[in-house]
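Structure first, then comments.
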Number of protein chains: 4
Amino acid sequence: MGVATPAQLVNQYGQKMGRKGQLTRQRIMSIALKMLGNSSYKDLTVSDLAAKAKVSNATFYVYFKDIEDVLFACVEAASLDMNAMFDILNETWTSENLKSQLEKFVDSFNTLWEKHRVELRIRNIEADQGNARFLNFRQLSTIELLNRFGEKLAELNPRLENPEYISMVIYTAMERLAALNQMGILGSNSISRRGLDDAIVELLYMALKK
Amino acid sequence: MGVATPAQLVNQYGQKMGRKGQLTRQRIMSIALKMLGNSSYKDLTVSDLAAKAKVSNATFYVYFKDIEDVLFACVEAASLDMNAMFDILNETWTSENLKSQLEKFVDSFNTLWEKHRVELRIRNIEADQGNARFLNFRQLSTIELLNRFGEKLAELNPRLENPEYISMVIYTAMERLAALNQMGILGSNSISRRGLDDAIVELLYMALKK
Amino acid sequence: MGVATPAQLVNQYGQKMGRKGQLTRQRIMSIALKMLGNSSYKDLTVSDLAAKAKVSNATFYVYFKDIEDVLFACVEAASLDMNAMFDILNETWTSENLKSQLEKFVDSFNTLWEKHRVELRIRNIEADQGNARFLNFRQLSTIELLNRFGEKLAELNPRLENPEYISMVIYTAMERLAALNQMGILGSNSISRRGLDDAIVELLYMALKK
Amino acid sequence: MGVATPAQLVNQYGQKMGRKGQLTRQRIMSIALKMLGNSSYKDLTVSDLAAKAKVSNATFYVYFKDIEDVLFACVEAASLDMNAMFDILNETWTSENLKSQLEKFVDSFNTLWEKHRVELRIRNIEADQGNARFLNFRQLSTIELLNRFGEKLAELNPRLENPEYISMVIYTAMERLAALNQMGILGSNSISRRGLDDAIVELLYMALKK
DNA sequence: GATGAATGAGAATTCATTCAT
DNA sequence: TATGAATGAATTCTCATTCAT
């Protein structure tokens, strides 16, 4: 379920990594995320990152092949967390708690996106630009959840004609709105996040209620 | 209505452009689009573009300030076409033709995106990364259409609680799916474009029917 | 006859080279040769060469792909001169002037090697290490002369059993001794250049005289 | 006679080497030779060699000062074998067995070169580029053999005017042809190794026969 | 209107080498 | 005996950009 982060045991030169090495690798990753939180993605250079992580350029290359490599490692790590969404879908949904479960689903999704906004933005930008590694990874990390979501819709309203497509449309909207939200775009014109979430819940509710 | 492309009459040196100059400028723009169709966005450099457009680097700077400048010019030009969406919203929608109008709306949107896939992808990537010029331009080119769409929904079902939010959710899904579609992502796992469009129409139909 | 240097008309970016550009290219080449005259081959770096030629690193890359590229250009240019050897072979050799013609042949060869010692050393080092471009070029520039030399031997002594092999053995010795001579190796132990040349002439004379 | 390889008993830190240490040192040397057999000489780096020899970079420095140091060790080891040439010269050469002895001499030389092609190529490349250590070593390992060969020629044909020069010319050709042969250069244009060896024997025979 | 020529600046990348363990 | 970890110091290479013609 979801995609696991492989334990990284050797560095770029094939050496086994000890405790110290793993810490350094980790430090580089978190500094990278911090840097991407502020400035644009294009500005992230190896020199800059290495400097901010207090290691030499050469050390960077001990642990990563290039900038993309760090980013992918971050994205991989973040993806683990997304598995929490499955738990909600596996709970019991009844016509009584339908609305609140839908709200919970939407809220949890938003929360997770907020937590990993940087990684998920990177993942999408790269995948959208055709980067195969990220594209493939996104595919893998999304498809299971999407399937499970579609099943849930079918189960809740058996008369729904094409639940798997409805699930994808809604999921797409949720993700895109989460992404836009982070960029401070939504807040601009009197559009509230709350209202959008309600609209999603509403659309689903209309589709599922009997 | 929409955003107009200002007729570019002077080059970077403030000189009035004659026929030949405008052709050169135009050629650079179309080569840029062609190049972006294939490879990733990051690979587009001034030197590369100039070479492919068969002009010297120096000539590039006669017509554009930098790469972003060409891209923006392309995006601006593409945006004019999107105005066609208004025409459909301005037609008369009745309960009789509701479904077919919805289908028409979704189809037209997809067609326009297909036509300007490169420009719109660029616009979104840049805006998503926080580029103010593109962000602002996207805002401007989207908001009017979004408002008009929201009004239409309110008009069709006056009991709809938050039509402007519904319109945004649906619009967001439409756009994102159009973008993903271009990347050949959707076709992969037995998910058909047709099915997604139907799902969008279905969601709207459920929300609007009395 | 021999291998011609193609007139280099465009730079690495495909631009036509004007007078000034060609001079710059030429300057880089001659500085490279000067530098190789002194220090070892491995020490020649782009930065170093560019600095000594009073151009920026970037300018180097306008005219050459890399260090090997300059070297090859130098080798190509030098090779033209070697064609003078043909003239001597095309003269009339008789039993009367045989010895003096042999001496002239050997002397001329040495003189040309002395003149282009740097380029020819580079050519051989690269070819010997398996560099295809130089290997191929050496093949091309040697084979014709070798053939002509073999013919001459056959013509002078028709009873000679394998003139083409004799010519190659002698040519090989001549070249190698020329190369060693430049390195100041021969002079060391009471071995004189003169003596070696005489020995070559002597060997040929013994093989050719009736 | 020849140059002996000093038994290397201590490592770079002056510590006496035990069995395990000697094996490691040996392994690094043989991997180095293997690597040089394939790719070009310039590509051999400490990191690469250490990785391929399955030791850490640091371990490399336990046994060698730098890459040149390994190479020299290899060259030294190979050189011992070359002493076999003396044995042939010390046999009795008569006018009856002259031709077959000459053939044996040439053949043995080729065989030895083939066996140590990598080391001898390295030795010559380094020496040719002016590396004093290798230059000096080559001088030492060659001069004795060269002298002995010259004496033999003088002994066989006392009227030969400059036997020591003839010996050097022939030796030079032999070595160079052996080197070229290894590079697969000779085989290319219908030139057979056999023919060249015959030519060398022939030249010597013509010079020695009464 | 167009372009040869040149370059400053900086980013990526690689290597040999050291040292504490 | 062996090696994780780290790095200083080059070096290559590329790009946007300018300017005189």
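Throughout, a chain's letter reflects where its sequence line sits, starting with A, and its residues are numbered from 1.
Nearest heavy-atom pair, A127(A) versus L135(A), reported as atom, atom and distance to 0.1 Å: O-CD1, 3.4 Å. Across all their heavy atoms, V55(A) and F60(A) have their closest contact at CG2-N, 4.5 Å.
Checking T24(D) against K54(A), the closest nucleotide of DNA chain F that is more toward the 5' end is the one next to T24(D). Remark on DNA chain F: of its neighbouring residues D66(C) and R19(A), the 5'-side contact belongs to R19(A), judged by nearest-heavy-atom nucleotide.
Under the 6.0 Å cut-off for aromatic ring centres, F72(D) and F137(D) qualify, their centroids lying closer than that.
In this structure, T59(B) reaches the bases: a heavy-atom distance under 4.0 Å links it to at least one base atom across the strands shown. Nucleic acid contact for T45(C): sugar-phosphate only, since backbone atoms but no base atoms lie under 4.0 Å from a heavy atom of the residue.
A side-chain N or O of N124(B) and one of R138(B) form a donor-acceptor pair less than 3.5 Å apart.
At least one donor-acceptor pair closer than 3.5 Å links the side chain of R27(B) to the backbone N or O of A53(B).
Counting only Watson-Crick and G-U wobble pairs whose two distances sit under 3.5 Å, DNA chain E takes part in these stems of three or more pairs: E:2-21 with F:2-21.
With hydrogens and angles ignored, a donor-acceptor pair under 3.5 angstrom links the side chain of N57(D) to the base of dT17(E).
The V55(D) side chain lies nearest to dT3(F) when the options are dT3(F), dA5(F), dT14(E).
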